[in-house]
Amino acid sequence: MTAARLTLPSPAKLNLMLHILGRRPDGYHELQTIFQFLDYGDEITFAVRDDGVIHLHTEFQGVPHDSNLIVKAARKLQEQSGCSLGIDIWIEKILPMGGGIGGGSSNAATTLLGLNHLWQLGWDADRLAALGLTLGADVPVFVRGHAAFAEGVGEKLTPVEPEEPWYLVLVPQVSVSTAEIFSDPLLTRNSPPIKVRPVPKGNSRNDCLPVVARRYPDVRNALNLLGKFTEAKLTGTGSCVFGGFPSKAEADKVSALLTETLTGFVAKGSNVSMLHRKLQSLL
Ligand SMILES: C[C@](O)(CO)[C@H](O)COP(=O)(O)OP(=O)(O)OC[C@H]1O[C@@H](n2ccc(N)nc2=O)[C@H](O)[C@@H]1O
Ligand SMILES: Nc1ncnc2c1ncn2[C@@H]1O[C@H](COP(=O)(O)OP(=O)(O)OP(=O)(O)O)[C@@H](O)[C@H]1O
């Protein structure tokens, strides 16, 4: 018998705005942010095995097998569900690591949803999102699969419907450490909470931007170059920088000009994750 096999997308996210409200006693920062997905990401293939072994076949530079968020997600789900099945996993990785577009968190969420399906666990989204939060603050939004206004450390989610433009995303060839940015003494940590919904226009800034731009000349350069064509923004703690355009043709035109010297890609913004669109089509 052929083992059950499934290939699923693992999309990127953007932070359309990011305000830092304060620091909690455990050192983590309270945020307000808007997440939107991109129709662009990795692809993960899963094949069920009956011996309980969890094996990621694709090697990641700098990430040992057992530290990979894909493996951690699979192990936690197996432990907590008491499932006796195992899984073989392969990934086609195109998302840059440490780019602020959530690749690792997305991979973890795709693994949770893929295994829930293949192992026929029947867990609901609340339970999967709660497990996901123990792997990373950005995992719950990828589990739920809808653009969201997020509070807390990113786990309190309210669905939102921002416009879905085409984006040009520039990928400066530096990896930014999230921990380093959140520990910078110059970081703004006292933005007033936004209490009105939907978030009023004029709140699209990212409080991490000044600190990241100061520390990373390559990010500063990308912001300056893209800023000649559209509002250039930072996602998460960077390094990626993005700007929206009304059409693919316009995004492609600017991309052709800038990607002579910089790495980047064009992708459509999406309020429903392509992972969820694919899972829906399987039902
Ligand atoms: C900045 C965002 O990308 C916005 O989407 C995320 O909040 C970052 O989430 P993440 O990549 O899952 O971050 P983690 O790997 O959990 O955090 C790395 C480190 O950044 C700091 N950190 C992270 C998130 C947060 N809200 N406050 C923090 O102070 C903590 O020192 C933490 O140890
Ligand atoms: N499957 C994975 N994909 C990417 N990174 C992983 C994975 N598993 C573990 N990691 C580790 O997590 C770190 C952060 O990866 P990730 O790609 O999520 O960064 P990011 O895009 O900056 O995320 P965020 O927006 O959540 O800050 C990597 O540098 C890597 O060491």
Side-chain angles (χ1 to χ4, degrees), residues 10-38 40-44 56-76 89-112 114 132-143 147-157 169 171-172 174-185 187-189 191 206-209 211-212 216 219 233-242:
S10 186
K13 59 83 176 165
L14 294 176
N15 296 96
L16 302 186
M17 50 76 76
L18 195 161
H19 295 184
I20 304 175
L21 312 187
R23 202 176 348 196
R24 303 192 316 199
D26 66 1
Y28 267 77
H29 290 75
E30 291 275 347
L31 312 174
Q32 285 186 327
T33 184
I34 293 178
F35 289 110
Q36 188 179 49
F37 305 104
L38 292 177
Y40 183 87
D42 304 331
E43 257 194 358
I44 311 186
L56 172 64
H57 293 261
T58 314
E59 282 190 20
F60 279 54
Q61 234 184 353
V63 186
H65 181 270
D66 290 357
S67 310
N68 198 297
L69 284 164
I70 296 172
V71 175
K72 286 187 164 178
R75 292 227 167 107
K76 278 205 167 174
I89 310 175
W90 298 263
I91 176 165
E92 211 161 297
K93 187 86 194 160
I94 63 166
L95 297 177
M97 295 203 271
I101 56 177
S105 307
S106 177
N107 290 171
T110 294
T111 302
L112 294 176
L133 182 61
T134 67
L135 295 160
D138 289 345
V139 181
V141 73
F142 285 110
V143 166
F149 178 68
E151 299 175 274
V153 296
E155 83 290 4
K156 289 180 209 149
L157 298 166
V169 181
V171 187
V174 287
S175 176
V176 176
S177 152
T178 301
E180 174 196 305
I181 301 307
F182 276 113
S183 61
D184 192 306
L187 186 70
T188 297
R189 296 188 166 81
S191 282
N206 180 336
D207 282 336
C208 299
L209 188 146
V211 166
V212 177
Y216 294 89
V219 177
K233 305 208 286 191
L234 183 79
T235 177
T237 52
S239 61
C240 289
V241 162
F242 67 97

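Indexing begins at 1, ligand by ligand and atom by atom, following the structure's order. The model shown is predicted, which means the values in this text are computed figures rather than measured ones.
- Atom 27 (N) of ligand 1 has as its closest protein heavy atom His29 N, 2.8 Å.
- Scanning the protein heavy atoms around atom 9 (O) of ligand 1, the nearest turns out to be Asp138 OD2, 3.8 Å.
- Distance from atom 4 (C) of ligand 1 to its nearest protein heavy atom, with residue and atom name: Asn15 ND2, 3.6 Å.
- Sorted by first and then second residue, the salt bridge (Lys or Arg N to Asp or Glu O under 4.0 Å) pairs with a member in residues 56-73 read Asp66-Arg75; sequence neighbours excluded.
- For an aromatic pair to be called close, the ring centres must be under 6.0 Å apart, and Phe37 with Phe142 satisfies this.
- Of all protein heavy atoms, the one closest to atom 12 (O) of ligand 1 is Ala137 N, 3.4 Å.
- Of the candidates Asn68, Asp138, Ile44, the one placing a heavy atom closest to atom 7 (C) of ligand 2 is Asn68.
- Judged by the shortest distance from any of its heavy atoms, Gly236 lies outside the 4.0 Å radius around the atoms of ligand 2.
- Atom 11 (O) of ligand 1 has Thr178 OG1, 4.2 Å as its closest protein atom, hydrogens excluded (heavy atom only).
- The shortest contact between atom 16 (O) of ligand 1 and any protein heavy atom is with Tyr28 OH, 3.3 Å.
- With respect to atom 7 (O) of ligand 1, the closest heavy atom belonging to the protein is Leu31 CD1, 3.6 Å.
- Taking only nitrogen or oxygen atoms, main chain and side chain alike, Phe60 does not reach within less than 3.5 Å of ligand 2.
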